[in-house]
Amino acid sequence: MSINQNLLRTTRTCEDEAQTIQVAKELSELLEPGDVIALNGNLGAGKTRFVRAVAVAAGVEDSAISSPTYMIVQSYFARLEIHHFDLYRIEQEEELYESGCEEFLEAEGVCLIEWASRFPDFLPHDHLEIEIDITGENSRQLTITAFGPKHARLIRKLAQPL
Ligand SMILES: Nc1ncnc2c1ncn2[C@@H]1O[C@H](COP(=O)(O)OP(=O)(O)OP(=O)(O)O)[C@@H](O)[C@H]1O
Ligand SMILES: [Mg+2]
């Protein structure tokens, strides 16, 4: 892995699903209360798969996890308090605020937000973005970018060789 010190961006090439899960596990081990992770990428890129792997690595039962398609946010409680958002079906930004779900962003949990790019103003400035690009049937390119000092510290730890 390489990290560009100026851009605070790092990329990971995942040749198969197991490698994506490994990146998610490494991230999960570094997450702290208040972290906000935006997950972007096309339908079927692997955003939900990534969140599941983060949650399982934090001690959540795999069977307890599903995509929050019909709810804006689902919460899981284990070593970390995890709030899993999916903004795909939200049409108006007001729906987000009316649901009250932005309170999770200020709470002690970790927020992982699928389709965050649909509502950029919803995100706090300090966050980590993971863009997942489909490069083949089972291969993905992850582009991870830090915004703000808290997540800059996080990406530096993530970029350190194991
Ligand atoms: N390297 C990989 N990383 C992640 N997922 C992979 C990989 N290879 C194959 N897959 C498969 O791709 C699919 C990703 O589906 P997933 O529901 O996570 O996508 P998504 O980005 O959440 O889509 P949506 O926008 O519909 O919510 C899963 O079926 C997963 O098994
Ligand atoms: Mg999904």
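Both counts, for ligands and for their atoms, begin at 1 and track the order of listing.
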Atoms in ligand 1 flagged as close to Asn42, the criterion being non-hydrogen separation under 4.0 Å: 21 (O)

Those atoms of ligand 1 less than 4.0 Å from some heavy atom in Asp16: 1 (N)

Ligand 1 N/O within reach of Ala45 N/O, cut-off under 3.5 Å: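 Checking ligand 1 against Ala45, an N or O pair does fall under 3.5 Å apart.
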
Sub-3.5 Å N/O-N/O distance, Thr48 and ligand 1: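 So ligand 1 has an N or O lying under 3.5 Å from an N or O of Thr48.
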
All side-chain contact (heavy atoms from CB on, under 4.5 Å) counterparts of Ala58, not counting sequence neighbours: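 Once residues adjacent in sequence are excluded, the partners of Ala58 under the side-chain contact (heavy atoms from CB on, under 4.5 Å) criterion are Ser28, Arg79, Leu80, Ile82.
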
Contact with ligand 1 for Gly44, non-hydrogen, under 4.0 angstrom: yes

Non-hydrogen atom of Phe50 closer than 4.0 Å to ligand 1: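 Not so, Phe50 does not reach ligand 1.
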
From the candidates Glu17, Arg49, Arg140, the one that places a heavy atom nearest atom 12 (O) of ligand 1: Arg140

Per-residue contact class, Gln19 against ligand 1 - non-hydrogen pairs under 4.0 Å: neither

Mode of Thr20 contact toward ligand 1 - side chain, backbone, both, neither (heavy atoms, under 4.0 Å):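 Side chain only.
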
Atom pair OG1 (Thr11) and CZ (Arg9), whose distance is rounded to the nearest 0.5 Å: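 Reported to 0.5 Å precision, the distance equals 9.5 Å.
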
From Arg12 atom CZ to Ile132 atom CD1, the distance as rounded to the nearest 0.5 Å: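 Answer for the CZ-CD1 pair, Arg12 versus Ile132, is 13.0 Å.
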
Using distance only, find each side-chain donor-acceptor pair of residues 99-112 under 3.5 Å and give its atom names and separation, not counting sequence neighbours.
residue, atom, partner, partner atom, Å
Ser99, OG, Leu96, O, 2.7
Ser99, OG, Cys101, N, 3.2

Test applied, salt bridge (Lys or Arg N to Asp or Glu O under 4.0 Å); reference residue, Lys157; option that passes from Glu26, Glu32, Glu29: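 The residue from Glu26, Glu32, Glu29 that satisfies salt bridge (Lys or Arg N to Asp or Glu O under 4.0 Å) with Lys157 turns out to be Glu32.
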
Please determine, by modelled atom types, if [X] and [Y] share a side-chain donor-acceptor pair under 3.5 angstrom.
X      : Y      : value
Gln141 : Thr135 : no
Arg140 : Thr20  : no
Glu114 : His84  : yes

Heteroatom of Glu114 nearest to the Mg ion (ligand 2) (N, O or S, atom name): OE1

Under 2.8 Å: N/O/S of Tyr88 next to the Mg ion (ligand 2): no

